[in-house]
Each structure stands twice: as structure tokens, then as C-alpha cells.
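Here is the structure we will look at.
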Amino acid sequence: MISMEKTYDPHAIEQRWYQTWEERGYFAPSRSGKAGYCIMIPPPNITGSLHMGHGFNNTIMDTLIRYHRMKGDKTLWQPGADHAGIATQMVVERQLEAEDKKRHDLGRDKFIERIWAWKKESGGHITRQLRRLGSSLDWQHERFTMDEGLSEAVKEVFIRLYEEGLIYRGKRLVNWDPKLHTAISDLEVLSEEEYGHMWHMRYPLTNGQGHLTVATTRPETMLGDCAVAVNPGDERYRHMIGERLELPLTGRRIPIIADAEHVDPAFGTGCVKITPAHDFNDYAVWQRHRDEKAISEQPNGGLINIFNRDAALLSATNQDYDLRTRNQASGGGEFAVLVEPAPGGKFPEEIIPEKYRGLDRYDARKQIVADLEEQDLLEKIDDHKLMVPRGDRSGAVIEPFLTDQWYVKIAPLAKPAIEAVESGRIRFVPDWCISRQIWWGHRIPAWYDEQGNVYVGRSEAEVRSQHHLADDYPLRQDEDVLDTWFSSALWPFSTLGWPGQTEHLQDFYPTSVLVTGFDIIFFWVARMIMMGLKFLDDVPFKEVYVHGLVRDSHGDKMSKSKGNVLDPIDLIDGIELEKLIEKRTSGMMQPQLAKKIEKLTRKEFPDGIPSFGTDALRFTFAALAATGRDIKFDLGRIEGYRNFCNKLWNATRYVMMNVEGRDCGVGEAKTGHSEPAAELERSVADRWILSRLQKTKQAVAEAIEGYRFDHAAQAIYEFTWNEYCDWYLELSKPVLNGDNASEAAKRGARRTLVRVLENLLRLTHPIMPFITEEIWQRVAPIAGVTGNTIMTQPFPTQRKSLINEVAETEMAWVMQFILGIRKIKGEMNISPAKPVPVLLANVSDNDKALVERHRRFLDFLARTESIEVLAPNDQGPESSTALVGEMKVLIPLADLIDKEAEIKRLEKEIGRLQGDADRTDKKLGNPKFVDKAPEAVVRKERDKLVETLKALESLQTQLVKIQNL
RNA sequence: AGGCGCGUAGCUCAGUUGGUUAGAGCGCUACCUUGACAUGGUAGAGGUCGUUGGUUCGACUCCAAUCGCGCCUACCA
């Protein structure tokens, strides 16, 4: 047997054990298990690296998985990653940028090759980090959303939805990211309040009767106005409805229209300029009024697009012109654009005065404001707070933009999902825009011919054969790819082999639980439910465990720009201060923050971060995982749990020291537990700790089943530290080392020591896999348990026969005795090591028997010099007093005890008891209480009062005695 | 604006269906290198449970109002 170091060192064991587990295939689902238990990992982005949220999330999942695996369930934890379309493309584009290249220089195929190469090289980063957390994921079945199998599932879903008319292509306003040149969904847009201005602009009436003033936050969009709307009930403007205005700077004439729905007379001037191609609300107004002659006679029916894909004003000289014509010919293509001119109409850019063509939107704004000012058409500029929508990836201000995109109809899909969740009201989000103008992702399985007809199919060949198209008939595949979330929504079944009818699908769908944070995930969950119900007729998971966010110790969200990010790996391995600073300040978007971050970091971690090990980190996450609450991650907490690991380690050292090579009364090893091989005697301590263990097992199992990982962690912590170590190990010492203890008693103690420890390790393994495995390997053989790994040992179950209330009561007496003496010593400043003579007064027969039986425990733990039972009426000499029930434990004053101190001590105790007695007395004196409260409660109060009064009397006589000294 | 959550010891958090003196860890104070562990041991100080009102014999717990903080959703040109 290798000797154990005095201090637990996680590094020596963690990676070694993980490798062993993985190599031996322990993570795979058992062949034989009973019930199926399955969790899908929320697939992390391949571009990602592990953050605290992952740490927390995976700790919870792994705890559940290990628990169920030990319970004998057929358990699968499905690993994998998300291809993260936009994020990944951006990473590789940035690399190209460093080489002074653009993705168009490479072309689509080469660019995608390059992404795959990047994935091969760097995509494993996060999965390596997941391994460091001890996550027992079934790596043999790792999946990637761009895998062949998953791509099949994506295509299959797309086609089936298309065939049912649930996927369609349409021209709509979308959220356009002018930097990434793609549409994004509502969920990828983050609106934040920013300070801006409100421009009040005058639009002159064409009849020369003055003007209307419109207020806007975006003056440059006026070039695309098709009307000004007022509320029909607004007295100020009612008479003007139908009149025309001259749209400044353009020479165009636009109507005044009435729209009650959109226009709030109380806001701004009560007049709203309508720019249908660049504002979602205006678009809705336009749809309501498009058939009115005054609108429809506007250029392009009033739907006037003024921007190109960079959100600069259109210009015939820029590339969009060519792109657009090409797109019209191909019926789709790389950039599905804009508004085609109405027959005989103008191209959009021709509507824009030449002066502004080609200007960026913000340059155009400046110019237009200046020009309006010059013509005295600018009434005023107010400061104004507004919500500015930005792309969550690029940070660019999103432009509502008119394009052709693919959509999924949400309402018919959501309906069964809602019924399933019974969540009642969910807002029907506008249909889900699923096409993205990027290259990395699942390409849309649609082909166009030169007439613009659309063919959807699994492949070009399939399309040709299905529609009887000749081989040389020109077809061109849609250039767009699907939103990454489209494939994520299929994750719970695409990973299991769908559309094939696989064994995995049989065993593990629907999965058991989805573990996820609040984040954006609501929509992901909703989409998984919709897709699951649609294609498998069943929900994708039976339960959803939603946990909070991991924040820093002050409750702030961790973010790179705040410089308060903690890396779970740094907590595991530790990191030096300088390295931590370097890490926190490198690659910053705003380098000017670096100084502040450095200062903050130096203050908070003057010595860097020490190494805590994975188990301590996991235990911390578990202990902080209260439901519905964010986690404030406090280093003090993880330090405490590192110490806990050390405590467990050293308890083991003690046990090993005492049991190794000795007779532990363990017979032939069987599965589960072994029977005693030789005669053995169990002390009250043995019976007590075994009883406590049974209750702890139950508490831990119930806590895990109820997702109360904090309760599970606390139960384990308390049992280990406060019961097993503080009391039981100490109580075992006089037995194991005592000359007068029988061999049978020693055997009993050894057996209990080692077997309780072995149980405790299995109990703790789901939360702390590494240390428990390491220790278990040493302890199990001695405890009479065989097996290659703790991972597949049965989770401990309560043995009712070992619950022993008598032993617990008896131990409570022993503990009270010992605590009483320690308290006197502590408060009287007597060294705990100093043996004291003890006298007992008011002793019952039961007390006498207990003293006799547990004498060696009392002597050892209370350090008594002698224990003498006084005659029934003998109150003994002047002493310091503690009560054990009605028995008085006396330590004679002699030279040991300070009289004044003892008086103070007694007075304090009497005061406390008196308050207690008064309170209870008052309660019992209230007839309403006695009448109305349940019998049991009243009796309890009565008993309590009697007890308190007895104790009070006892201490009072003691006080008088000492005062009279 | 709507919805949800949270305010308990200096700090981070528990507190099951209302019923003894509201608990733990860290921190703090005093003492102790006792043969598993100083990443330790023993003893101790510290809370009118955000505020106000109500229900009740009894409220940290239930109800209402209010203050403070956070999140989600939506959004007015």
C-alpha cells in the first residue's frame, strides 16, 4: 500500500483517474441497466472556452449522471458541440484578416475547408476542458451539429416542414446586420438604452398652408418616407388628412394619412413619418394602407428601400446594383435583395438625390440635418434616450431591411408545444427567420432555375429526378445557410440517430432532464419542444432544471470588459497573479480599461489564485446550487471545500493507519456488503454513527432526486465533518488504543470505521468523483468490497435495521456530558488538556449506568481525572456546574475555578433560562393558546416549562451556594 | 410598460406543510502544535429575518401595501 501524503493533492490524481475511466469505457451506458436515464449536454459552441456557467451546469449534470449510473440505470450523457455559424465564421474570418484576405478571396468551398481545418485543430478545446471537470460524458458517441448524421436530420426536417407548407420563402423586413451582411433573428438582437437625439423636422404642406412637424430619431431615413401619419382622432390634424406634403430635399410629394393604431397623439408632435422599408412599425402601417391610391402611386408602391447591405445609401455606382440584377436573374443567390422597381418604375437609388448616394447612414444623417437646417426646416433637436438594437455578435447597429428569407411558421408548431407544457399563454413570435447570409452552416436544400422556380429536396439529383428535369437544365442551389438554432432545436433526437430508428433513440428518447441556465435558453427550449413533438410525437425531456447565473463575489455579471471573469480551470489548477492579469487584460475590445482591471485584480487576488482542485470546485457549485437563485462565487467558499477534501483525506489516513493489516471483522467479500466474520462488539459510538449514516444516505438521495444539490452537499459535509470526524473518530481512539478494550470491541470499531468510510465515499462520489475514487481504491478491499471502480458501485441505500434511536439518545447524553465539561473549561480558561476531577449530583440509575458504560469515552474526550457519583442528598463542594438532563456535572472550584467568573457564567445561563421560562409560561397562561393550539403543541410547551424550571432551580441553588462562599 | 425573482449574522447562503432559544461556512475573539488533519482542535461574540399593516392562540414562513436590488419580455416615431 502506497502511503498517503499528509495533505491532499488533487493534481496527483485527477487527470490520471479521468484517463483511466475514459479508457476503460466506464462512461458508456451499461448494456443491462434497468431504466434509461439520459441527459443531452447543451452543446457548447466549438469556438467557446469553458466559463463558470459551464462549470456549474456540468457539475449538476455529472452529479445526476453519476448518481443514476450508480443506481444501476442505463445511463447516457450525450456530448457534443454546436457549429455556431456566425461565431465560428467570424473567428476564421479574423484569421484571414490577419493574412490580409477576405473570405471572398478564397471562395465558398475553400473557406469552408478552412473552417473544418480550424475545427480540427482548435475545436477540441472545450471538450478537453469538460474532461478536466470530471464530466462523465459518453465520448464514444460525441456528436457535432455539422456531422453527416445530424445534417441528414436537418435536411429531413427542412424538407418535411417545407412539404407541409410550414417552411416558406418570403420577402419581409428582417434584422439586418450591416457588418456581417446577414439577417439575424430577434433573439440575436440586443437592445440597449443609449443617449441620442430627437430631430424635429418640418415637412411643408404643398398647398402652402404651413407645415407639419415630425419628430424622429433617424432623420436620414426620411429619404425613404412614403407618408406622414396622424391619429384620426387628433383635432390638430384631422382636417389635414389626405393633404400632401413636400418631402424636403427630394422634391417628392407624400400624403398625410390616418392611422389610429400606430400614432399616439400624446407622443412627440403627434405626426409620424412613415418609412416602411426601414422600420418594423412603419412597415405594419404601410401594409394597412398599401392599397390606398396615395400610397400605391408612390415609387415602388411606397415601399422605398434606401440602403445597401452596408447600410449606406444606395448608389448606382456601387456593387449592389450588379448584385441585384444578378439575383433577379438567378432567383435567389448570394444576396437576395431589396425592392425591385415596379413596372416602369425607378430603381430605388434613383429616388435618392445624387448628393446623398453612397454615403454611410451616419454621414448621410449629418448631411441631411445640415441641409434641413440650411433650409430652415429643422425646428429643434432634443436630447433623447432610445433603445438601440445591436447584433449580439458584431455589435453593429441593426438595420431593418427588406430581403427574401426563409421562414418557419411558428403558430402551428407552437400550439402542441404549448398544450404539452400547459403554459397557457405564449406570445406567437413572428415566424422564425431561418436563413442566414453566411457560408458556415447547413446549406438550404433548395434549388432555383432561371425562371426563379424553387425546388426543395435532399440533393440536386433528387430534385432533378423528382421534377423530371434534364441533367443540363440549369439549377443553382440557394446560397444561404440555416440559422444555427435550427440544428440545435433537433439536438435531443438528431444525436440519437434520427431519422433512423436506432436503439439509442428507443432507449433514451425522451431524455430525462434538461439542465440549463436562464440566458436565451427559453427559446431554445421552446424550439426543442416544438420539434420533438412534431417529429417524434413526444416531448424531448421530462423535466427542465433551470439554474441561475454564476456571478462574481460582488454579484456582478462576469464579463471580459469588467475584467472579473474567473476561469474554472484557474480555480482547479491555480494561477499566478501576473498571469491572471495578463489573461484578463489581453485581447480587450477597449484597451483603456486594462489599467483599472489590473488594479482590481491585484486588490482582489494579491497572491493570485491558489489551486483548489476539481472536486472542491464541484462541491462548491453543488453547495451553492439553491433553486432559482444566481450564484455569487466566493473564493472563501471554495477554499472551505478544499479544506473539506483535506479533512476527508486525513480521516482516511487515520482509518487506514488503524485498520490496515488488522482484523476488521470483515468476512468474505460479496457484492454490496459483507457479513461479520468474527465475533464483534459495537459500542454506542459504533451504533450511533451507523444510525446517522443511514439517515444521511436517505437525505442525500432525496436531495439529489429533488435537485437540491445544496442540501445534498450540506448533508455530506455535516455528516463527514461534524459527526464522523469530530465525534466518531475521536470516540474510536480510546477503544482502539485502550488496553482495557476487548478484541471484539476493537474489531467492531475497525469494521465500523472502514465500512462507514466506504459508504460515505460512494455517497459523495457523484459530487466529488476524483478524491472518492482515489480513496475508495484503498479502502474498499479492507471494507470487504470488490470492484474496479467506485463509479459503478451501487449508490448507498438506507438500511432501516441500522437506524438506532436508543443509540442516538445515548450518544446525545454522552455528547452533552462532554460538551458541558468543555464549556466550563473553555469559559474558565482551563486548558482543555488538563484533566479535572468531576463530581456528579442528582444522579438517576440510568445516569449511573451510562457513566459506567461510557466511562472511557468521557475520560478521553472530556479529559477527566476522576468521576465520582455523590450520594443522593450530597450537593458536593463549591463547583462549576453543567447540566446533563437533571444530572449535575460538577467541577470543584478548588484552585481551578475563578469564583467571580463562575457567578457570571451562572447568571448568564440563568438569565437565558429565565427568559425561556417566562416566554413559555406566558404562552401557557393564554387560554386562547391552550384552547386552540393542537394538543401535541401544548403538551410540548408544558414539558418544556417543567424541564426549564427544574434546570433553573438547579442552577439557582448552585448560584446561591457560590455567592455565599 | 408587463412578467418573474430576491432582501435572514460583517460576507456568501440554508430555513421543508406556520409551533422550543432562527442555522451553516467564511471572517472575528480567546485558548490549544493532544499521535488523522494548523487546509486542524476547543470555547465564544454576532441577527427586533428590508419596512408597515393584516390573518392567527402563534408569522422568517401566509396575505396586502411599500421601499431597494436583479432578471426576462416588449417598446413610441
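Residue numbers begin at 1 in each chain, while the letters A, B, ... track the order of the sequences. From a predicted model like this one, the values you see are computed outputs, not experimental measurements.
Taking atom CG of A:Leu945 as the reference point, atom C1' of B:U20 lies 12 Å away to the nearest angstrom. Here the C1' atom of nucleotide B:C75 and the NE2 atom of A:His262 are 11 Å apart, to the nearest Å. We find that CZ of A:Arg778 is positioned 14 Å from C1' of B:A36, with the value rounded to whole Å. Counting to the nearest Å, the P atom of B:A24 and the CD atom of A:Glu718 are 8 Å from each other. Following rounding to the nearest Å, A:Glu909 (CD) and B:U21 (P) show an atom-to-atom distance of 14 Å. When rounded to the nearest whole Å, the span between CD1 of A:Ile631 and P of B:A14 equals 10 Å. Atom CG of A:Leu949 is separated from atom P of B:U21 by 14 Å (rounded to the nearest Å). The distance between atom CZ of A:Arg863 and atom P of B:C32, rounded to the nearest whole Å, is 15 Å.
Of the two residues contacting RNA chain B, namely A:Arg551 and A:Asn737, the nearest-nucleotide position lying further toward the 5' end is that of A:Asn737. Between A:Leu624 and A:Asp726, the residue anchored nearer the 5' end of RNA chain B, judged by the nucleotide with its closest heavy atom, is A:Leu624.
For A:Lys922, no side-chain nitrogen or oxygen approaches OP1 or OP2 of B:C57 to under 4.0 Å. Between B:U42 and A:Trp727, no contact under 4.0 Å exists linking OP1 or OP2 to a side-chain N or O. Side-chain nitrogen and oxygen atoms of A:Lys647 include at least one within less than 4.0 Å of the OP1 or OP2 phosphate oxygen of B:G41. Close to B:G40, at under 4.0 Å from its OP1 or OP2, lies a side-chain N or O of A:Asn643. Applying the 4.0 Å criterion to OP1 and OP2 of B:A36, one finds that A:Lys733 has a side-chain N or O inside that range. For the pair A:Asn281 and B:C76, the criterion of a side-chain N or O lying under 4.0 Å from OP1 or OP2 is met.
Remark: aromatic rings of A:Tyr641 and A:Phe612 are distant, center separation not under 6.0 Å. Ring-centre distance between A:Phe621 and A:Phe633: below the 6.0 Å cut-off.
Using a 4.5 Å heavy-atom threshold, the side chains of A:His211 and A:Glu379 count as touching. Within the 4.5 Å cutoff, the side chain of A:Asn643 has no heavy atoms near those of the A:Tyr8 side chain.
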Intra- and interstrand pairs of RNA chain B - dot-bracket, Watson-Crick/G-U under 3.5 Å, | marks other strand: (((((((..((((.....[...)))).(((((.......))))).....(((((..]....))))))))))))....
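Closest to the A:Arg912 side chain, of the nucleotides B:G44, B:U21, B:C13, is B:U21. Residue A:Arg653 places its side chain closer to B:C37 than to any other of B:A14, B:C37, B:A77. You'll find that the side chain of A:Asp634 is closest to B:U12, out of B:U12, B:A36, B:A14. When distances run from any side-chain atom of A:Asn646 to the nucleotides B:U39, B:U21, B:A77, the shortest one goes to B:U39. Side-chain proximity of A:Cys725 to the nucleotides B:U42, B:A36, B:C57 is greatest for B:A36. Of the candidates B:A36, B:A77, B:U39, the closest approach to any side-chain atom of A:Arg642 belongs to B:U39.
By the 4.0 Å N-to-carboxylate-O rule, A:Glu220 lies close enough to A:Arg218 to be salt-bridged with it. Classification of A:Glu399 and A:Arg361 as a salt-bridged pair holds, one side-chain N sitting under 4.0 Å from a carboxylate O.
Geometric assessment of A:Arg863 against the ring of A:Phe860 yields a positive cation-pi assignment under the 6.0 Å and 45° thresholds. In this structure, A:Arg692 fails the cation-pi test against A:Trp721, since its NZ or CZ atom is not both closer than 6.0 Å to the six-membered ring centre and inside 45 degrees of the ring normal.
For the residue pair A:Tyr654 / A:Ser732, a side-chain donor-acceptor distance below 3.5 Å is found, with atom types taken as modelled.
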Any N/O pairs under 3.5 Å between the protein and nucleotides 15-19 of chain B? List them or say none.
unit_1, atom_1, unit_2, atom_2, d
B:G15, OP1, A:Arg708, NH1, 3.2
B:G15, OP1, A:Arg708, NH2, 3.0

Between A:Asp710 and A:Gln714, is a side-chain hydrogen bond (donor to acceptor under 3.5 Å, both in side chains) present by the stated rule, with each step listed? CA-CA 6 Å; A:Asp710 55 333; A:Gln714 205 191 344; over 6 Å; no
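Judged by distance alone, with hydrogens and angles left aside, A:Arg637 brings a side-chain donor or acceptor within reach of the base of B:U12, the pair sitting under 3.5 Å.
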